[in-house]
A.B. asks: 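Submitted below is the structure of interest, expressed as structure tokens.
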Amino acid sequence: MNIFRLAGDMTHMFSVLVLLLKIHTIKSCAGVSVKTQELYAIVFATRYLDIFTSFVSIYNTFMKLVFLGSSFSIVWYMRYHKAVHRTYDREQDTFRHWFLVLSCLLLALLIHEKFTFLEVLWTFSLYLEAVAILPQLVLLQRTRNIDNLTGQYIFLLGGYRGLYILNWIYRYFTEPHFVHWITWITGLVQTLLYADFFYYYFLSWKNNKKLN
Amino acid sequence: KEFDAAHDEL
């Protein structure tokens with residue numbers, strides 16, 4: 001464990017808890033894409049299957065439970081909680097995210113480190129996490145409301161990915177044979193997606209304009 | 001065992 005990874009995990013946990021807490025408190029999910037939240041729930045469900053079979057550390061297991069619990073709770077709120085569901089922007093959140101799931105699954109069947117059930121699903125979860133933010137970014141551009149709820153959420157998610165890249169650089173130089181191309185490439189692609197968002201977010205903030 | 005080593009990250 002290194003400071004970059006710990007900071008990354010904390011930022012990631014904070015991003016999902018901020019979102020869950022806000023939805024719970026103001027009973028609204030305006031501007032939030034439920035499709036992105038469903039993709040994240042699938043990412044965690046397929047990545048943390050080993051939670052029952054292998055034990056890494058208390059920290060690891062605890063964090064997995066936090067991510068699983070928060071992502072499924074957010075989906076539940078947005079889909080089944082009456083007050084929150086009413087504020088969901090169904091007309092604008094139209095990204096066909098099941099195609100993302102399908103293409104990531106096919107890609108995982110083609111490119112993986114080992115062809116075992118757990119390993120293919122784990123690789124699938126990496127590919128899916130890289131593109132999971134797309135429905136949210138599309139919704140953001142459509143509704144143009146970069147209100148604090150989604151802005152902070154995406155900012156923290158981007159921060160978590162950036163810290164993870166620093167973590168991989170650190171581990172590469174401190175641990176022999178720490179080479180995981182798939183993790184690195186998908187992590188880089190995901191961070192680049194955020195970089196694009198940050199560029200426009202910063203511009204809209206600097207010029208005090210609506211996000212375009 | 002190698003699964004854990006490669007996937008000790010969240």
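Chain identifiers are assigned alphabetically (A, B, ...) following the order of the sequence lines, protein sequences preceding nucleic acid strands; residue numbering begins at 1 within each chain. The analysis underlying the following values was restricted to heavy atoms, covering all of them including side chains, and did not include hydrogens, waters or symmetry mates.
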A.B. asks: Near A:Tyr59 OH, under 6.0 Å, is it more than 12 heavy atoms from other residues, nucleotides or ligands?
C.D. replies: yes
A.B. asks: A:Asn60: which residues meet the side chain to side chain donor-acceptor pair (under 3.5 Å) condition with it, sequence neighbours left out?
C.D. replies: A:Lys64
A.B. asks: Report which part of A:Phe67 has an atom under 4.5 Å of a heavy atom belonging to chain B: side chain, backbone, both, or neither.
C.D. replies: side chain
A.B. asks: With heavy-atom distances below 4.5 Å as the criterion, would you say the side chains of B:Leu10 and A:Tyr160 are in contact?
C.D. replies: no
A.B. asks: Sequence neighbours excluded, which residues qualify as side chain to side chain donor-acceptor pair (under 3.5 Å) partners of A:Tyr170?
C.D. replies: none
A.B. asks: Please check if atom CZ in A:Phe14 has more than 12 non-hydrogen atoms from other residues, nucleotides or ligands closer than 6.0 Å.
C.D. replies: no
A.B. asks: Quick check: are there more than 12 heavy atoms from other residues, nucleotides or ligands sitting under 6.0 Å from CG of A:Leu110?
C.D. replies: yes
A.B. asks: Decide yes or no for B:Asp8 and A:Arg5: does some side-chain heavy atom of the first lie under 4.5 Å from some side-chain heavy atom of the second?
C.D. replies: yes
A.B. asks: State whether a side-chain donor-acceptor pair under 3.5 Å links B:His7 with A:Glu119.
C.D. replies: yes
A.B. asks: Assess the residue pair A:His180 and B:Glu9 against the criterion (side-chain contact (heavy atoms from CB on, under 4.5 Å)); give the C-alpha distance rounded to whole Å, side-chain angles, the decisive distance to 0.1 Å, and a yes or no.
C.D. replies: CA-CA 12 Å; A:His180 293 292; B:Glu9 293 182 351; over 6 Å; no
